[in-house]
Number of protein chains: 2
Amino acid sequence: MNEMSSKFKGNLDDTDLFIIRRLCEDSNTSLAAIGEELNVSPSTIHKRICRLKDGGIIERFTILFDPSILELNTIAFVGIELERSAMVGKKKEEVINRLLALREVLEIHETLEPFDLMLKLRTRDVDLLREVIGNISAIDGVMATNTILTTRKILETPLKYDNLKEV
Amino acid sequence: MNEMSSKFKGNLDDTDLFIIRRLCEDSNTSLAAIGEELNVSPSTIHKRICRLKDGGIIERFTILFDPSILELNTIAFVGIELERSAMVGKKKEEVINRLLALREVLEIHETLEPFDLMLKLRTRDVDLLREVIGNISAIDGVMATNTILTTRKILETPLKYDNLKEV
DNA sequence: AGTGAAACGTTCATTGA
DNA sequence: TCAATGAACGTTTCACT
């Protein structure tokens, strides 16, 4: 993102990666416990974590909760074709801003084909999904929408951190 | 998922929802600070959180980190058409198990059309993407794959918790 | 990067509503 | 049954080495 974080990225060593992995698994792990695994003192872990936070590598401490409590159990992917005039520049940014403002829109990606944008949506039910898609269709610059409705979620994970170093 | 958690779900009150929201924003918020906002004691918050964990509502405490450190910057959606014989039953489960085993596969959803399954993948680059899609195509029961390659990520969030009650 | 001490947070047995 | 209290214990933080 910013210059600092990208400069930082190259400098992540195995200790940093181990700390990140450990905190992903359980962010309540104490500094002492992490330090023990790495044979360093808690204060070293503490300083590393501060650096990772300041550098934007660790965004925040959070929890994972059962998404069904939100009662947003309908997931759909929506491909959007834009009008010619909205394929670049300010009009495109306006379309994107309108999409960003929608609570139901969880992901927005640019793609090349067969759509111009690909969205992921979560709504309470198909009726509300239809309504949201109606609103999206009405956005100036949107030519067509193409909905792929999902019927069963088998796997949905934001990131797999298997690639983070073991020690 | 299990009986206990679904029984629990109906019983979430505003206090629970507020706690979940607060922990989503910052899971290092102290019990005392949350309690102050709700005018209850830290031990009450503590017990609530224990209950939420036991009931499976809170899955775990974790961190969000910058995904670019994994160097998995290529995102693609892949629609899969299954062979007739793999549309139901054991063969379908086998296909799904093979997909679940792939590190690059972050999401798997059943859909009705135009595909049978919809995947979300993350790989280091397009060459590796091609390789993974090759492996997927080779799975017994997979008839065809249809890749939507993304070129820019604009928004990617697992869940928006705007719906969780304020107090 | 480590030490040690003070500040702070969590946990739990007990008590009361 | 549920919440508060308060003390014991563990964790974080930071100035100093």
Side-chain angles (χ1 to χ4, degrees), chain A residues 4-66 69 161 164-167, chain B residues 2-66 69 161 164-167:
Chain A
M4 183 181 182
S5 76
S6 41
K7 246 172 151 178
F8 197 147
K9 263 162 229 162
N11 296 332
L12 292 178
D13 63 15
D14 287 356
T15 303
D16 292 316
L17 295 174
F18 184 85
I19 291 169
I20 292 167
R21 181 176 231 242
R22 224 59 197 66
L23 293 177
C24 280
E25 288 163 358
D26 178 5
S27 67
N28 279 342
T29 311
S30 73
L31 306 184
I34 299 173
E36 218 165 294
E37 294 190 71
L38 294 169
N39 290 306
V40 295
S41 72
S43 77
T44 300
I45 305 297
H46 178 244
K47 275 178 231 163
R48 292 283 187 140
I49 292 174
C50 288
R51 248 179 68 224
L52 291 167
K53 281 200 273 195
D54 291 347
I57 305 297
I58 292 178
E59 199 202 304
R60 65 197 159 90
F61 284 64
T62 189
I63 55 167
L64 293 183
F65 65 91
D66 182 344
I69 67 166
Y161 41 86
L164 293 172
K165 286 257 164 44
E166 305 272 357
V167 127
Chain B
N2 61 39
E3 208 179 291
M4 184 179 180
S5 76
S6 42
K7 247 175 155 176
F8 198 147
K9 262 161 230 162
N11 297 332
L12 291 178
D13 63 16
D14 288 356
T15 302
D16 292 316
L17 295 174
F18 184 85
I19 291 169
I20 293 167
R21 180 174 230 236
R22 223 57 197 69
L23 293 178
C24 279
E25 289 162 358
D26 177 5
S27 67
N28 280 341
T29 311
S30 74
L31 307 183
I34 299 173
E36 218 166 294
E37 294 190 70
L38 293 169
N39 290 306
V40 295
S41 72
S43 75
T44 301
I45 305 297
H46 178 245
K47 271 180 234 160
R48 292 284 187 138
I49 292 173
C50 289
R51 249 179 65 225
L52 291 167
K53 281 200 273 195
D54 292 347
I57 305 296
I58 292 178
E59 198 203 304
R60 63 196 161 91
F61 284 63
T62 188
I63 55 167
L64 293 183
F65 65 91
D66 182 344
I69 67 166
Y161 43 86
L164 293 173
K165 286 258 163 42
E166 304 273 357
V167 127

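All chains are named by letter (A, B, ...) in the order of the sequence lines, taking the proteins before the strands, and each is independently numbered beginning at 1.
The separation between I49(B) atom CD1 and dA3(D) atom C1' is 15 Å, rounded to whole Å. What separates CG of L23(A) from P of dT12(D) is a distance of 10 Å, to the nearest Å. Atom CG of L31(B) is separated from atom C1' of dA3(D) by 15 Å (rounded to the nearest Å). Between the C1' atom of dA1(C) and the CG atom of N39(A) lies a distance of 13 Å, rounded to the nearest Å. If you measure from atom NE2 of H46(B) to atom P of dG10(D), you get 14 Å, rounded to the nearest angstrom. In this entry the distance linking CZ of R48(A) with C1' of dT13(D) reads 18 Å, nearest Å. If you take CG of L38(A) and P of dA1(C), they are 11 Å apart, rounded to a whole angstrom. K53(A) places its NZ atom 10 Å from the P atom of dT12(D), with the value rounded to the nearest Å.
Of the residues near DNA chain D, K47(A) and S30(A), the one whose nearest nucleotide (by heavy atom distance) lies more toward the 5' end is S30(A).
Using a 4.5 Å heavy-atom threshold, the side chains of L52(B) and I20(B) count as touching. You'll find the side chain of I49(B) reaches within 4.5 Å of the side chain of L23(B), heavy atoms only.
Residue contacts for S41(A): at a heavy-atom cut-off of 4.0 Å it reaches a base atom on one of the strands shown.
A donor and an acceptor atom never sit less than 3.5 Å apart when one is taken from the side chain of S43(B) and the other from the base of dT11(C).
None of I58(A), I19(A), T62(A) except one satisfies the side chain to side chain contact (heavy atoms under 4.5 Å, CB included) rule with I63(B); the exception is I58(A). For the salt bridge (Lys or Arg N to Asp or Glu O under 4.0 Å) test with D16(A), the passing option among R48(A), K53(A), R21(A) is R48(A); the others fail.
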